[in-house]
J.: 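My questions will all concern the structure given below.
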Amino acid sequence: MTIKEVAEKYDISADTLRYYERVGMIPKVTRRPNGIRDYQDLGWVELAICMRSAGLPIEVMIEYVKLYKEGDNTIPARLELLQEQMNALKEQKAQIESTVERLAYKISKYEEAME
């Protein structure tokens, strides 16, 4: 797929895709003989989008890709990195759930007051 097709598929800009590649959030994309990027493995793009939408730091994704490129001997380090991010997301989720509960309570009180 071309960069334009990938950008349209995931509703992100071509500039964002170029940035992800430039900083190392996704591995280097192969190029056709004419120099046009040829996205053959969209899994990396999907992972980068997922991680960013969850608010994970760019540096984490860069480190993950770097470890991946170093080979299977980095599997324990990659696992640890992902587990740390999972724990951070679980903490954020708990915080959000607590806030939602508090807001629901406040909303119910205002709804009662309006009756």
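Throughout, residue positions are numbered sequentially from 1 according to the sequence presented. Computation of the quantities below employed the complete heavy-atom set of this structure, encompassing side-chain atoms and omitting hydrogens, waters and symmetry-equivalent molecules.
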J.: Should Y39 and T2 be marked as a side-chain contact (heavy atoms from CB on, under 4.5 Å) after you check the CA-CA gap, both sets of side-chain angles, and the distance that decides it?
T.: CA-CA 6 Å; Y39 289 82; T2 66; over 6 Å; no
J.: Rounded to the nearest 0.5 Å, what separation is found between the CG atom of L67 and the CG atom of L79?
T.: 11.5 Å
J.: Distance from Y19 atom OH to I26 atom CD1, nearest 0.5 Å?
T.: 12.0 Å
J.: Quick one: CZ on R31 to CD1 on I36, what's the gap to the nearest 0.5 Å?
T.: 9.5 Å
J.: Atom NZ of residue position K93 - does it have more than 12 heavy atoms of other residues, nucleotides or ligands inside 6.0 Å?
T.: no
J.: Could you tell me the separation between the OH atom of Y68 and the CG atom of L81, rounded to the nearest 0.5 Å?
T.: 15.5 Å
J.: Is the backbone of A88 close enough, under 3.5 Å, to the side chain of E91 for a donor and an acceptor to pair up by distance?
T.: no
J.: Are the side chains of Q85 and P57 in touch, meaning some heavy atoms are under 4.5 Å apart?
T.: yes
J.: Parallel under 30°, tilted from 30 to 60°, perpendicular over 60°: which one fits the rings of W44 and Y64?
T.: tilted
J.: Less than 4.5 Å apart, any side-chain heavy atom of V29 and any of Q40?
T.: no
J.: Is there a side-chain contact (heavy atoms from CB on, under 4.5 Å) between M25 and I58 once you walk through the steps?
T.: CA-CA 7 Å; M25 285 182 62; I58 291 171; 3.6 Å; yes
J.: Give a yes or no on whether the backbone of C50 and the side-chain of S53 come within a donor-acceptor separation of less than 3.5 Å.
T.: yes
J.: Given side-chain contact (heavy atoms from CB on, under 4.5 Å), test M51 with L89 step by step and report yes or no.
T.: CA-CA 10 Å; M51 298 285 246; L89 285 174; over 6 Å; no
J.: If every non-hydrogen atom of S13 is compared with every non-hydrogen atom of A7, which pair is closest and at what distance?
T.: C-CB, 4.1 Å
J.: How many angstroms lie between CG in L56 and CD in E84, if you round to the nearest 0.5 Å?
T.: 11.0 Å
J.: Hey, is the main chain of Q95 close enough, under 3.5 Å, to the side chain of T99 for a donor-acceptor pair?
T.: yes
J.: Would you mind listing every salt bridge (charged side-chain N to carboxylate O under 4.0 Å, His left out) that reaches into residues 35-56, with sequence neighbours excluded?
T.: E21-R37, R32-D38
J.: Are more than 12 heavy atoms from other residues, nucleotides or ligands located less than 6.0 Å from atom CG of D72?
T.: no
J.: When clusters are formed by joining ILVMFWY residues with side-chain heavy atoms under 4.5 Å apart, either directly or through shared neighbours, do L47 and L42 land in the same one?
T.: yes
J.: Is there a path of hydrophobic side-chain contacts, each under 4.5 Å between heavy atoms of I, L, V, M, F, W or Y residues, that connects V23 with V60?
T.: yes
J.: Quick one: which residue pairs count as a salt bridge (charged side-chain N to carboxylate O under 4.0 Å, His left out) with a foot in residues 8-19, not counting sequence neighbours?
T.: D15-R18
J.: Is the number of heavy atoms from other residues, nucleotides or ligands within 6.0 Å of OH (Y10) greater than 12?
T.: yes
J.: Return the CD to NZ distance between Q83 and K90, rounded to the nearest 0.5 Å.
T.: 9.5 Å
J.: Look at the side chain of T74 and the backbone N and O of A77, then say whether any donor-acceptor pair between them is shorter than 3.5 Å.
T.: no
J.: Using the rule that Ile, Leu, Val, Met, Phe, Trp and Tyr join whenever any side-chain heavy atoms are under 4.5 Å apart, tell me whether I75 and I62 fall into a single cluster.
T.: no
J.: Which ILVMFWY residues are connected to V100, directly or by a chain of links, through side-chain heavy atoms under 4.5 Å apart?
T.: I96
